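Since the structure comes first, as structure tokens, the remarks are kept for the end.
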Amino acid sequence: MIGAVLGLQFGDEGKGKITDFLSSRFQVSVRFNGGGNAGHTVVANGKKFKFHLIPSGSLRCETVVLGNGMVIDPHALVEEMENLRKSGCTSRILISKMAHVVTPMHKVLDMKEETVRSKLSIGTTAQGIGPTYEDKYARTGIRMVDLLSPDIIEQKIETIYRMKESLLKDTEYSDPARRHSMAGELNKVGVSLMPFMEYTELEIFRQYKAGKSILFEGAQGTMLDIDFGMYPFVTSSNALAGALSLGSGFPFRKVDYVLGVAKAYMSRVGSGPFPTELQGDAGNQLRELGHEYGTTTGRPRRVGWLDIPMLRYSIMMNDVDALAITRLDTLGLMDNIRVCTRYMKDGQEIDYVPRSFDELSQIELEYIDIKPWGAVKASDGGYSYQSLPEEMHRYINLIEERLGIPVDVISLGEGRENTLVREGSRLRNLEEVQQEHDRTL
Ligand code: IMP
């Protein structure tokens, strides 16, 4: 089976946990966008793992791939790989030779650009993501394979420096000796990563032909997509399902199953519109109950109620087959629960998510109240859907009715064991999906 796990909101939906949970059913896991801006937390066997670059499937998949669509800080990657090995994980790691390299200079550029943006600052993760993608599209970027050649690294660093000198002139990188030493460090780390570098698009296809199941793991979320998100308060890559093809080379027509991950409420880090944002005491209560602080930056996340119109849009844009709803345990503990069901403008429902800030300020949101369901406990044999509180059923039914797709996965805590796959769902009937997949081979 070829599956994809994607975030449908502003990132931090719990994709890491869901991917890790699903990874027992897959042999290969592939990342195709973003870089160290992503922060995926996985709790396995009582231990917490934090990934930024390595796919979250790495604890259980045979092979994990960092695709060409990613931007990679090679020093950070070496550190993550070492941590993974220390945890006893033996999966094979493959890095695309065509992925772009984030250098320490890009991280400085990220902060400088934020200062220049002033009131329009995005609140980036300061991981050098934007400037690295800028260089990719300016055709001056450094690719992983370039790290093997000291001359090419030096030439590219000089070009990038000259293009961005106005931002870099009062930093350590204005010193040619510092640029030279950075090139040397990048070459050294590049050589150490050489055994892992591949034309990964070929290897993914080989795995596909060998009948392996492959899971594509999106970073960030639809509303942070550079084209379809809340521009300019977005990341610099595409985070939609379509991006998995371009960011890995794998043909999009072969994907069997797209699982969209949504939190039972919403959160966002950084600036930009957030229609259902909760301020005041309720916002603080939700943030504290959910420990909503960024995995990458530690920043407090903004929080809000579930936004059905926005989810409907994300489902359409990603051709989502089914939903995984996370954090239902957290939401149930709130004093009251609301869900936004409609966007209204001039008394009429609108069926799109406005992107102009003027229009966004004119919409009114309609909400439905749901009775909180309190704490949820697993019974001895794990969870069964029937034993979950009735109010939670109501919430899930509402989501399914309004969105027209099933909730296949329910997440009730951070561990693998706090996860329920619904009976009758396609995930439960994996053999069927696998047969469908085999027929197309
Ligand atoms: P950048 O990707 O670091 O350039 O940040 C751009 C925007 O995307 C900022 O609002 C970040 O907070 C947000 N962002 C980037 N990656 C993630 C993520 O993995 N989760 C949540 N927000 C993210």
Side-chain angles (χ1 to χ4, degrees), residues 5-19 31-42 50-56 66 69-73 76 80 100 102-104 106-117 119-137 141 167 217-240 243 247 260-263 265-274 277 287 290-304 310 314 326-327:
V5 170
L6 297 156
L8 301 182
Q9 295 158 327
F10 290 103
D12 305 319
E13 296 91 350
K15 296 177 294 293
K17 181 223 148 139
I18 298 295
T19 306
R31 255 193 75 179
F32 56 87
N33 72 317
N37 48 352
H40 296 162
T41 309
V42 175
K50 288 197 175 168
F51 300 109
H52 295 283
L53 292 162
I54 295 183
S56 306
L66 285 81
M70 289 187 68
V71 288
I72 298 173
D73 169 351
E80 269 189 44
H100 278 249
V102 180
T103 72
H106 288 100
K107 295 190 183 182
V108 170
L109 277 166
D110 198 345
M111 290 184 274
K112 289 278 174 191
E113 287 182 0
E114 280 285 81
T115 315
V116 176
R117 281 186 199 110
K119 273 198 195 146
L120 280 180
S121 77
I122 300 163
T124 72
T125 58
Q127 293 299 310
I129 307 299
T132 307
Y133 279 115
E134 284 161 24
D135 291 347
K136 169 173 174 172
Y137 291 104
L167 290 172
E217 179 185 334
Q220 289 84 46
T222 299
M223 284 298 139
L224 290 176
D225 181 275
I226 180 93
D227 285 295
F228 296 102
M230 289 281 182
Y231 192 90
F233 303 102
V234 293
T235 190
S236 296
S237 67
N238 286 109
L240 260 60
V261 186
K263 250 184 203 168
Y265 52 91
M266 307 231 331
S267 69
R268 131 161 246 185
V269 270
S271 335
F274 185 172
E277 182 164 12
R287 184 175 308 103
H291 312 292
E292 292 291 353
Y293 294 88
T295 320
T296 303
T297 58
R299 286 179 290 180
R301 294 180 184 143
R302 299 158 65 195
V303 291
M310 196 180 270
S314 301
T326 61
R327 297 296 200 141

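Both counts, for ligands and for their atoms, begin at 1 and track the order of listing. Just so you know, these numbers come straight off a predicted model, no measurement behind them.
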Residues T124, D110; criterion side chain to side chain donor-acceptor pair (under 3.5 Å); working and verdict: CA-CA 8 Å; T124 72; D110 198 345; 3.0 Å; yes
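No side-chain donor-acceptor contact under 3.5 Å links R301 to the backbone of R287. Judged by distance alone, with hydrogens and angles left aside, the side-chain atoms of N238 form no donor-acceptor pair with the main-chain N or O of D225 at under 3.5 Å. E13 contributes a side-chain N or O that, together with a main-chain N or O of G11, makes up a donor-acceptor pair within less than 3.5 Å. Remark: the backbone N or O of G123 is paired with a side-chain donor or acceptor of R299 at under 3.5 angstrom.
Closest heavy-atom approach to atom 5 (O) of ligand 1 among the candidates T132, T124, I122, V269: T124. Of the listed options Q9, R299, M230, Q220, Q220 places a heavy atom closest to atom 17 (C) of ligand 1.
Ligand 1 has no N or O atom lying under 3.5 Å from any N or O atom of R268, backbone or side chain. Residue T125 has at least one nitrogen or oxygen atom sitting less than 3.5 Å from a nitrogen or oxygen atom of ligand 1, judged on distance alone.
The protein heavy atom nearest to atom 18 (C) of ligand 1 is N37 O, 3.8 Å. Of the protein's heavy atoms, G123 O, 3.3 Å lies nearest to atom 9 (C) of ligand 1. The single protein non-hydrogen atom nearest to atom 14 (N) of ligand 1 is L224 CD1, 3.7 Å, given as residue, atom name and distance.
Counting the atoms of ligand 1 from 1 in the order shown, those under 4.0 Å from a heavy atom of F10 are 21 (C), 22 (N). Close contacts of ligand 1 with T235, meaning ligand atoms under 4.0 Å from a residue heavy atom, involve 1 (P), 2 (O), 6 (C). Below 4.0 Å from some heavy atom of D12 lie the following atoms of ligand 1, by number and element: 20 (N), 21 (C). Ligand 1 places these atoms under 4.0 Å from at least one heavy atom of G270: 10 (O).
Two residues are said to be in side-chain contact when any heavy atoms from C-beta on lie closer than 4.5 Å; R268 and F233 meet this criterion. By the 4.5 Å heavy-atom criterion applied to side chains, M223 and Q9 are not counted as neighbours.
Residue-level proximity to ligand 1 for V234 is carried by the backbone, the only part with a heavy atom below 4.0 angstrom.
More than 12 heavy atoms of other residues, nucleotides or ligands shown are found within 6.0 angstrom of OH on Y293.
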